[in-house]
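Nothing fancy with the numbering, it's 1 onward along the sequence. Owing to the predicted nature of the structure, the values given are computational and were not obtained by experimental measurement.
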Amino acid sequence: MGKKVKWSWTSAFVGAASATVVAALLSARPKDPTFHLVSIKLTSFKLNLPHVDADLILTVHVTNPNVAPIRYGSTTMSIFYEGTLLGAAQVKAGSQRPRSCQVLKLPTRLDGMELAHHAKKFLDDVGKREMVVDAKVDIGGKAKVLWWGHRFKVHVDSHITVDPVFLDVIDQENKSQLEIFLV
């Protein structure tokens, strides 16, 4: 009990600096972005004899929880109904600041002929006022941390229940998975 410990400002500084570096590394760990479908707006019908295609605008809220700004390329989101490709939404190239949210407006076209193949199921869904669609998209881009640019890919799977009459979003489950390429 009588042994004295020698206090050192250098040791205290090194310990504090080490703790700061570890905290910074943990907070900079890449996190999956989040996607949330806010609304669906019907913009027009396109006559494509013998059927009619529908043009929509999907409003999607996107959150980048990471400490790095990102740039992403254009891509196409595939929309499925009953396992069949029903249409596609165009995602334009863009960027997003670190730890920020933004709203994307995605022009979408649904194929009336594909919907006609599922006419009985679609009419049942209209009667129930619940229609389940799935969407998949891969978004590639580059995140810049300090002076290093790292390529990334985000894969998003969405399972969405909508009211086919009023196009209201009833429920949704969105899963995103971030993959970073270090080479």
Might you point out which heavy atoms bring Pro65 and Lys31 nearest each other, and give the distance in Å?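 Between these two residues, the closest heavy atoms are CG-CB, 3.8 Å.
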
Tell me the closest heavy-atom pair linking Leu37 and Thr59, and the distance in Å.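 Closest approach of Leu37 to Thr59: CD1-O, 3.4 Å.
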
Could you state whether [X] and [Y] fall into the same hydrophobic cluster, counting links through intermediate Ile, Leu, Val, Met, Phe, Trp or Tyr residues with side-chain heavy atoms under 4.5 angstrom apart?
| X | Y | value |
| --- | --- | --- |
| Val38 | Leu56 | no |
| Val126 | Val133 | yes |
| Val60 | Leu42 | yes |

Return the set of residues passing side chain to side chain donor-acceptor pair (under 3.5 Å) with [X] (not counting sequence neighbours), or none when no residue passes.
| X | value |
| --- | --- |
| Lys142 | none |
| Thr108 | none |
| Lys175 | Glu173 |
| Thr63 | Thr34 |

What distance do [X] atom [atom1] and [Y] atom [atom2] have between them, rounded to the nearest 0.5 Å?
| X | Y | atom1 | atom2 | result |
| --- | --- | --- | --- | --- |
| Asn66 | Asp32 | CG | CG | 8.5 Å |
| Ile79 | Leu110 | CD1 | CG | 5.5 Å |
| Gln96 | Ile70 | CD | CD1 | 5.0 Å |
| Ser39 | His61 | OG | NE2 | 12.5 Å |
| Thr76 | Ile139 | OG1 | CD1 | 11.0 Å |

For residues 159-171, which side-chain donor-acceptor pairs fall under 3.5 Å, sequence neighbours excluded?
unit_1 : atom_1 : unit_2 : atom_2 : d
His159 : ND1    : Asp134 : OD1    : 2.7
Asp163 : OD1    : Arg129 : NE     : 3.4
Asp163 : OD1    : Val165 : N      : 2.8
Asp163 : OD1    : Phe166 : N      : 3.4
Asp163 : OD2    : Arg129 : NE     : 3.1
Asp163 : OD2    : Arg129 : NH2    : 2.6

If a pair satisfies salt bridge (Lys or Arg N to Asp or Glu O under 4.0 Å) and one of its residues is in residues 47-65, list it, with sequence neighbours excluded.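 Listed once each, the pairs are Lys46-Asp55, Asp55-Arg109.
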
Tell me if a side-chain donor or acceptor on Asn64 pairs with a main-chain N or O of Arg97 at a distance below 3.5 Å.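 Present.
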
What pairs with [X] under side-chain contact (heavy atoms from CB on, under 4.5 Å), at least two apart in sequence or on another chain?
| X | answer |
| --- | --- |
| Val154 | Pro33, Phe35, Phe152, Val156, Ser176, Leu178 |
| Ser74 | Ala93 |
| Pro107 | Ile57, Gln90 |

Take atom CD in Gln177; do more than 12 heavy atoms of anything else shown fall under 6.0 Å from it?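 At most 12 heavy atoms, drawn from other residues, nucleotides or ligands, come within 6.0 Å of this atom.
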
Report the C-alpha separation of Gln172 and His36 in whole Å, then their side-chain angles, then the decisive distance to 0.1 Å, and conclude whether the side chain to side chain contact (heavy atoms under 4.5 Å, CB included) test is met. CA-CA 8 Å; Gln172 63 185 299; His36 181 80; 3.0 Å; yes

Kindly give the cluster partners of Leu85, where membership spreads through any ILVMFWY side chain lying under 4.5 Å from a current member.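 Leu85 shares its hydrophobic cluster with Phe80.
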
Taking salt bridge (charged side-chain N to carboxylate O under 4.0 Å, His left out) as the definition, give me every residue that meets it alongside Lys136, ordered by chain and number, with sequence neighbours left out.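 For Lys136 the salt bridge (charged side-chain N to carboxylate O under 4.0 Å, His left out) partners, ignoring immediate neighbours, are Asp157.
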
Which donor-acceptor pairs under 3.5 Å do the side chains of residues 113-123 make with protein atoms, sequence neighbours left out?
unit_1 : atom_1 : unit_2 : atom_2 : d
His118 : NE2    : Thr84  : OG1    : 3.0
Lys121 : NZ     : Asp125 : OD1    : 3.0

